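Below: the structure, in structure tokens.
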Number of protein chains: 4
Amino acid sequence: MKTLFDANIDNSSLSIKQQSVLKASLILFAEKGYENTSTQDIAKLAGCAEGTVFKHFKTKDALLKAVLDPFVNDILPQVIVDFLKDLSGQPEEHFAVLLRYAVRDRIKYIMENRQEMRIFIQEIVKNPSMLEGLTSRLVLVIETSVNQVFSCYQARGELVDWDAMRIIRTISGVLLGYLIPNIVMSSKPLDVDETTNEIVEFLLQGLVPAEARDEAETR
Amino acid sequence: MKTLFDANIDNSSLSIKQQSVLKASLILFAEKGYENTSTQDIAKLAGCAEGTVFKHFKTKDALLKAVLDPFVNDILPQVIVDFLKDLSGQPEEHFAVLLRYAVRDRIKYIMENRQEMRIFIQEIVKNPSMLEGLTSRLVLVIETSVNQVFSCYQARGELVDWDAMRIIRTISGVLLGYLIPNIVMSSKPLDVDETTNEIVEFLLQGLVPAEARDEAETR
Amino acid sequence: MKTLFDANIDNSSLSIKQQSVLKASLILFAEKGYENTSTQDIAKLAGCAEGTVFKHFKTKDALLKAVLDPFVNDILPQVIVDFLKDLSGQPEEHFAVLLRYAVRDRIKYIMENRQEMRIFIQEIVKNPSMLEGLTSRLVLVIETSVNQVFSCYQARGELVDWDAMRIIRTISGVLLGYLIPNIVMSSKPLDVDETTNEIVEFLLQGLVPAEARDEAETR
Amino acid sequence: MKTLFDANIDNSSLSIKQQSVLKASLILFAEKGYENTSTQDIAKLAGCAEGTVFKHFKTKDALLKAVLDPFVNDILPQVIVDFLKDLSGQPEEHFAVLLRYAVRDRIKYIMENRQEMRIFIQEIVKNPSMLEGLTSRLVLVIETSVNQVFSCYQARGELVDWDAMRIIRTISGVLLGYLIPNIVMSSKPLDVDETTNEIVEFLLQGLVPAEARDEAETR
DNA sequence: GATGAATGAGGGTTCATTCAT
DNA sequence: AATGAATGAACCCTCATTCAT
């Protein structure tokens with residue numbers, strides 16, 4: 001699987017003008033939405049002629065794909081993979097500690113890609129079928145590794161005894177419930193630490209049995 | 001329970017054709033998005049001439065407003081008001097029981113207005129400033145009544161001793177985290193009972209102290 | 001030939017609503033021009049439904065005709081006829097005296113029909129062929145009577161010895177040169193007396209031999 | 001002598017297609033009027049696509065401005081300036097001689113820009129406020145120079161002893177009275193020499209004292 | 001006679017895309 | 001590779017006109 005770093009290699013093969021086209025598209029799509037951004041707008045912000053926009057990216061739609069594809073195909077899956085890796089990398093730690101660390105990293109990550117996230121959300125809302133490919137890929141990634149990740153903590157009584165997918169669903173649900181409203185209201189970027197605290201504290205109430213929770217905090 | 005069309009008193013003054021224009025707009029905006037819906041599409045689905053679309057709704061944008069305004073101004077605030085009313089209406093009941101009932105009703109309600117919700121989300125993502133008016137109104141509604149609603153349960157030990165606004169934020173966050181993904185992926189409408197169970201069970205873990213929780217379930 | 005009074009008889013056979021339609025058209029056509037006035041505007045100002053506008057006047061164009069025809073077919077020719085009648089009615093008077101009287105009356109007359117005049121000018125500018133019918137009629141009227149009208153004064157040395165049509169052309173040219181700019185700039189209606197003085201004084205310089213002029217003034 | 005197209009320096013920066021758009025607009029606006037000319041008509045006559053019409057001239061209204069502005073801002077003021085210059089350039093000549101020369105030149109000039117003049121008249125009739133800017137500019141130009149221009153001839157007894165502005169008003173009134181009807185009836189362009197003779201002869205009667213007039217003719 | 005909802009042709013305008021330079 | 005003029009389909013919207021009530 002490609003990593004984030006790999007994902008950007010394609011772009012580095014672009015000329016400077018083309019990269020500025022890509023960046024302008026990112027900014028404008030995020031700001032005004034895909035349909036409300038004209039290729040003329042893009043050319044103007046990129047500082048090039050309108051024809052240049054189409055030299056490399058044959059189509060406006062291809063431009064959207066060029067903006068979103070690395071995010072959808074590489075970055076988002078990587079978020080999941082890294083999340084699970086964080087949770088399973090040091091099994092000697094208490095689940096609560098790892099969860100906090102993993103959640104914090106992911107929030108930071110998503111906040112750093114807010115523009116892509118905004119565009120992504122816009123597109124999904126208009127055309128949910130876009131999600132299908134991604135979802136199935138993610139489900140595959142998750143299902144193959146998630147059971148062994150959680151079972152260890154469940155055995156130690158540090159994690160509620162739910163179906164592993166339900167735990168994932170719960171965590172991602174709570175995360176989205178907090179993050180989407182913020183991403184969408186672009187003005188004020190979230191305070192990462194504060195949000196992490198609030199989310200994790202709440203998640204722990206639901207996911208970690210009371211006695212194990214106390215233990216984690218006294219440690 | 002009122003639906004969008006009941007709520008908008010003006011609608012009853014519309015001719016049949018105009019109502020079908022409104023309905024067609026609702027369907028198409030939800031399905032393809034505002035910008036990807038042409039007024040010709042609307043006319044075709046409404047079974048009228050394109051000019052008819054503009055006879056009552058002077059502008060395509062006014063049509064969007066006519067679709068969304070009752071939802072934003074009447075239905076959404078009502079959801080909040082009803083939610084708080086459900087929670088405070090029968091204070092002799094255990095908080096857990098009322099929460100389940102209130103959450104279930106709201107989910108049903110939102111599911112019945114999925115199309116409006118989809119359009120609303122699309123518009124907010126493109127233009128977050130739309131939210132400002134709504135948010136400030138809701139905050140007002142909530143803040144004036146929410147403290148007295150929760151304090152009773154907190155005194156009985158049936159509700160965690162958080163700031164009332166944080167409780168609201170948590171509940172709505174979890175609800176949104178579950179509902180938005182479903183609303184957005186329009187194909188499969190959510191099973192209300194199942195979702196209610198999952199959300200409430202999780203919320204109770206976080207919001208109701210353990211001992212009070214047991215008590216509620218044995219009752 | 002019909003007189004102004006006859007010309008309006010047709011209109012009096014209209015219902016009150018239809019008359020208000022006619023009046024509204026006159027006002028709006030004069031103010032904004034024919035093409036920039038919608039039948040909806042007319043209906044609104046006339047205080048009736050849009051359909052009512054078409055009940056009597058089958059076409060918007062027919063409405064324009066209804067507004068202009070009495071002006072073009074009756075009023076304007078009458079202006080000429082009356083002008084010549086004024087000049088020939090009392091041949092014992094000096095030409096200068098009659099000219100002043102005739103010019104004054106005509107200016108007053110035209111000022112009282114400024115709106116029709118404005119619309120007429122607008123239409124002629126767009127479609128000069130409209131003039132042809134009128135011009136040929138007027139030429140006929142003028143030519144048949146004008147020679148005998150002027151020859152008497154020319155014999156007395158009170159009028160320059162030009163071809164009669166040139167005299168008419170000169171008078172109407174000067175009149176139009178003064179009046180059209182004023183009619184077109186609708187804000188300030190002309191002071192009839194002052195304008196008459198200026199025009200007549202100038203016309204006399206050109207049309208009446210010097211010695212006869214002195215005589216007229218000392219009389 | 002400059003024509004409209006020479007006067008508008010910007011025009012040279014237009015592509016050939018855009019110049020043909022401008023020329024087509026000039027022709028059609030003059031022929032059928034602004035509102036009765038569709039942008040499709042313009043495109044067809046210019047031999048380009050409708051989109052091309054809007055590439056340079058963002059708006060149909062901007063196209064009208066592009067057609068009229070050089071006429072109103074450059075050519076018309078220049079007509080006045082040149083007229084006064086002609087009258088004051090060779091003070092050793094008799095006023096009558098200079099007037100004939102100046103009138104003739106101006107008539108020729110206006111006849112060469114008949115189309116612009118027609119459009120200009122149409123627009124003024126619809127929206128007289130357009131004139132205000134022009135009028136105030138012209139009044140300024142005239143007032144600052146006109147007194148010294150005429151006083152010399154008045155001192156020599158070659159020009160009636162009127163207020164300078166009244167002389168101007170008279171000349172322009174007579175000119176307009178002759179020219180507007182002709183411009184408006186586009187079919188038959190005026191014979192410049194004949195019209196000049198008629199107008200000048202008449203003007204001299206009114207503007208030049210009799211004894212000076214004889215002198216001018218015997219010279 | 002009056003109404004006003006409905007019509008549909010046509011108008012101005014935008015925009016992704018092409019192509020000669 | 002880059003340009004920007006040109007394109008034409010599609011879009012939103014207006015308006016004179018009709019017709020059932």
Side-chain angles (χ1 to χ4, degrees), chain A residues 14-18 21 34-44 46-64, chain B residues 14-18 20-21 35-43 46-63, chain C residues 14-18 21 34-44 46-64, chain D residues 14-18 20-21 35-43 46-63:
Chain A
L14 294 176
S15 74
I16 295 178
K17 275 270 158 68
Q18 299 298 351
V21 166
Y34 174 75
E35 357 269 340
N36 294 322
T37 301
S38 71
T39 52
Q40 195 183 179
D41 291 338
I42 295 171
K44 211 170 283 174
C48 70
E50 226 178 321
T52 307
V53 174
F54 289 87
K55 204 71 195 193
H56 184 85
F57 311 98
K58 304 298 182 200
T59 294
K60 190 188 172 191
D61 212 73
L63 196 45
L64 176 63
Chain B
L14 292 178
S15 71
I16 295 176
K17 275 268 161 68
Q18 297 297 351
S20 73
V21 166
E35 359 267 341
N36 293 322
T37 301
S38 72
T39 52
Q40 199 184 169
D41 291 338
I42 295 171
C48 70
E50 214 177 336
T52 307
V53 174
F54 289 90
K55 195 74 192 199
H56 184 85
F57 309 98
K58 307 295 182 203
T59 293
K60 192 189 171 192
D61 212 75
L63 195 45
Chain C
L14 294 177
S15 74
I16 295 178
K17 274 269 158 69
Q18 297 299 350
V21 166
Y34 175 74
E35 359 268 340
N36 293 323
T37 300
S38 72
T39 51
Q40 196 184 177
D41 292 337
I42 295 170
K44 211 170 284 171
C48 70
E50 226 178 321
T52 307
V53 174
F54 288 87
K55 205 69 194 190
H56 183 86
F57 310 97
K58 304 298 182 199
T59 293
K60 190 189 172 192
D61 211 73
L63 196 44
L64 176 63
Chain D
L14 292 178
S15 71
I16 295 175
K17 276 269 160 66
Q18 298 297 351
S20 73
V21 166
E35 358 267 340
N36 292 322
T37 301
S38 73
T39 52
Q40 200 183 168
D41 291 339
I42 295 171
C48 70
E50 214 176 334
T52 307
V53 174
F54 289 90
K55 196 73 193 199
H56 183 84
F57 310 98
K58 307 297 182 201
T59 293
K60 192 190 173 192
D61 211 75
L63 195 45

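This structure is a prediction, so every number in the text was calculated from the model and none was measured. Per chain, numbering begins at 1; letters A, B, ... match sequence-line order.
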Closest-nucleotide ordering on DNA chain F, the 5'-leading residue of B:T52 and D:K17: D:K17
Base paired to E:dG12 (Watson-Crick or G-U; both N/O distances under 3.5 angstrom): F:dC11
Distance in angstrom units between A:Y34 OH and E:dC15 P, rounded: 13 Å
Sugar-phosphate only, base, or nothing, as touched by D:S38 at under 4.0 Å among non-hydrogen atoms: sugar-phosphate
Residue closer to the 5' end of DNA chain E, A:T59 versus C:A49 (nearest nucleotide): C:A49
Contact under 4.0 Å: D:Q40 side-chain N or O vs E:dG11 OP1/OP2: yes
Between F:dT14 (P) and C:N36 (CG): distance, integer Å: 14 Å
Assigned partner base of F:dA20, Watson-Crick or wobble definition, under 3.5 Å: E:dT3
For atom NE2 of B:H56 and atom C1' of F:dT14, their distance in whole Å: 18 Å
Contact under 4.0 Å: B:K58 side-chain N or O vs F:dT14 OP1/OP2: no
Nearest-neighbour nucleotide for the D:K60 side chain, E:dG11, F:dA6, E:dT13 considered: E:dT13
Distance below 4.0 Å between A:T39 side-chain N/O and E:dC15 OP1 or OP2: no
Trace of the side chain to side chain contact (heavy atoms under 4.5 Å, CB included) decision for C:Y34 with C:K60: CA-CA 9 Å; C:Y34 175 74; C:K60 190 189 172 192; 3.6 Å; yes
Closest non-hydrogen atom pair, B:A46 against B:S20: O-OG, 3.2 Å
Sugar-phosphate, base or nothing in reach of D:E50, heavy atoms under 4.0 Å: base
Comparing D:K55 and C:I16 on DNA chain E - which has the more 5′ nearest nucleotide: C:I16
Between C1' of E:dG4 and CG of C:D41, the distance in whole Å: 16 Å
Nearest non-hydrogen partners of D:T52 and D:Q18, listed with the distance: O-NE2, 3.4 Å
Distance below 4.0 Å between B:Q18 side-chain N/O and E:dA6 OP1 or OP2: yes
Sugar-phosphate, base or nothing in reach of D:E35, heavy atoms under 4.0 Å: nothing
Of the listed nucleotides E:dG12, F:dC12, E:dT17, the one nearest the side chain of D:F54: E:dG12
Closest heavy-atom pair and its distance - A:V21, A:L63: CG1-CD1, 4.1 Å
